[in-house]
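What follows is a short report on a single structure.
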Number of protein chains: 2
Amino acid sequence: MAQVRPLRADARRNRERLLRVAAEVFADRGAGAALDDIARRAEVGVGTLYRHFPTRQALLEAVYLERVEAVAARADVIAAARPPGAALRAWLDELAVGMLQARGLKALLGTAVTSGSPACGDCVRGAAARLVRAAQEAGELRPDVAPIEVLRLVHGVVTACESADEVDETAARRYLSLLMEGLARP
Amino acid sequence: MAQVRPLRADARRNRERLLRVAAEVFADRGAGAALDDIARRAEVGVGTLYRHFPTRQALLEAVYLERVEAVAARADVIAAARPPGAALRAWLDELAVGMLQARGLKALLGTAVTSGSPACGDCVRGAAARLVRAAQEAGELRPDVAPIEVLRLVHGVVTACESADEVDETAARRYLSLLMEGLARP
DNA sequence: ACCTGAACACCGTTCAAGT
DNA sequence: ACCTGAACACCGTTCAAGT
């Protein structure tokens, strides 16, 4: 899937410049930022952007790949330190805060979670599945919810926060708290 | 605020044609449908569309005004027939189903709820406030949530449903059910 | 093998000219 | 008082020409 042959030196430089610039631009213009603008700031033809990243989604994934993997990896760290129910909750907390902070991350996870993009989606879905199953086996989570539903609900909760005037992590935690209480009862 | 003088006959006809066509187009193209397209189908210059509805939001509001008012009015009917907690829940159910069915309605309420647009926002916020307060006074709803937060959460839940493959009212009710259980505990 | 940027398509929005 | 549609701006996407 990934490049078998290493990229030519100039191509590699361009790719990296694009990623660095895209991260900045997504950060302050949001996930819908003009691709044209990203190419120009990276001092690269638009065609080059499209060659490396055929879709906006592909660019978003490449930009946030590390962060997404980090969040997914946190799942196991957290799971080792806490009982299943608390672990799930703590991880969803981190996930929600991450989505609130990184403006592109939420857009990415929104679609990645739904339409199974292999790169980023799998590791997040996998992490969620492990935590959800564990919590269900421990009787700390209602058995009739699927991991993907939990992810969708968290996505919805973050959306609810965004529609407030200012991004508010406290509100996010409160909303998640409500959600978790609902999820706990069978 | 509204037109003091009645509209000229041709203007009135144009306005009505625009509303009728816009309703159709929003219904099958979504709330982001091309305004250009709406004008063309209504056999009207684009400028005429902008004259009557200066923003997409204004058009959405005009198209869904009746439906929104109907939903708001349902609040009092429901409140008269059930205890406060059940009434709130039943109304939020109807609200969520309405947002799922009418593709523009959700987009409209999303912004209307946040950035207080007078036309549609007020009546929905008012209805929500009455039901939420009543449920809180009856001790059936935690006292630390504001009506607008409840609306945001419902909006988030509907968003969660939409990210599923197919629009699923059953899922919406389940999610709302979880949310309400979380909202009930103090 | 990769890059460039002109070219095209599409959509939103405005405004001069018309009735 | 209202309508029209050309004109402009902006953005996404492709592709012929270049190295």
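Order of the sequence lines fixes the chain letters, A, B, ..., with proteins taken first and strands second; residue numbering starts at 1 for each chain. Values below: all heavy atoms of this structure, side chains included; hydrogens, waters and symmetry mates excluded.
We find that CZ of A/Phe53 is positioned 14 Å from C1' of C/dC2, with the value rounded to whole Å. Straight-line distance from the CG atom of B/Asp36 to the P atom of D/dC10: 18 Å, rounded to whole Å. Between the C1' atom of C/dC2 and the CZ atom of A/Arg15 lies a distance of 15 Å, rounded to the nearest Å. Atom CZ of B/Arg40 and atom P of D/dA6 are 12 Å apart (whole Å). The interatomic distance linking A/Leu49 (CG) with D/dC11 (C1') rounds to 13 Å, in whole Å. The CG atom of B/Leu60 sits 12 Å away from the P atom of C/dG12 (whole-angstrom rounding). Taking atom CG of A/Leu18 as the reference point, atom P of C/dC2 lies 14 Å away to the nearest angstrom. In this structure, CG of B/Asp10 is placed 15 Å from P of C/dT19, rounded to the nearest angstrom.
Projected onto DNA chain D by closest heavy-atom contact, A/Thr48 and A/Ala33 fall at different nucleotides, the more 5' of which corresponds to A/Ala33. Across the interface with DNA chain C, nearest-nucleotide mapping of A/Glu43 and B/Gly47 shows A/Glu43 to be the residue nearer the 5′ end.
Nearest heavy-atom pair, B/Phe53 versus B/Leu59, reported as atom, atom and distance to 0.1 Å: CD1-CD1, 3.6 Å. Heavy atoms only, all atoms of each residue included: B/Glu149 and A/Arg174 are closest at OE2-NH1, 2.7 Å.
Side-chain nitrogen and oxygen atoms of B/Asn14 include at least one within less than 4.0 Å of the OP1 or OP2 phosphate oxygen of D/dC3. Regarding contacts with the backbone of D/dC2, a side-chain N or O of B/Arg51 is found under 4.0 angstrom from either OP1 or OP2. Taking 4.0 angstrom as the limit, B/His52 places a side-chain polar atom (N or O) nearer than this to OP1 or OP2 of D/dC3.
Among C/dA1, D/dA1, D/dT13, the nucleotide with an atom closest to any side-chain atom of A/Tyr50 is D/dT13. The side chain of B/Leu35 lies closest to C/dG12, out of C/dC2, D/dT13, C/dG12. Among the nucleotides D/dC11, D/dT13, C/dC2, the one closest to any side-chain atom of A/Ala34 is D/dC11.
Checked for salt-bridge contact, A/Glu16 and A/Arg12 meet the test: a charged N lies under 4.0 Å from a carboxylate O.
For D/dG18, the paired nucleotide is C/dC2, the pair qualifying as Watson-Crick or G-U wobble because both relevant distances are below 3.5 Å. Pairing partner, D/dC8: C/dG12, with both Watson-Crick or wobble hydrogen-bond distances short of 3.5 Å.
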For this session: Go through A/Glu169 and A/Arg173 one step at a time and tell me if the salt bridge (Lys or Arg N to Asp or Glu O under 4.0 Å) criterion holds.
Result: CA-CA 6 Å; A/Glu169 289 180 20; A/Arg173 285 186 219 274; 3.8 Å; yes
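If you chain together hydrophobic residues whose side chains sit under 4.5 Å apart, B/Val97 and B/Met180 never meet in one group.
As judged by a 4.0 angstrom heavy-atom cut-off over every strand, B/Val46 is placed among the base-contacting residues.
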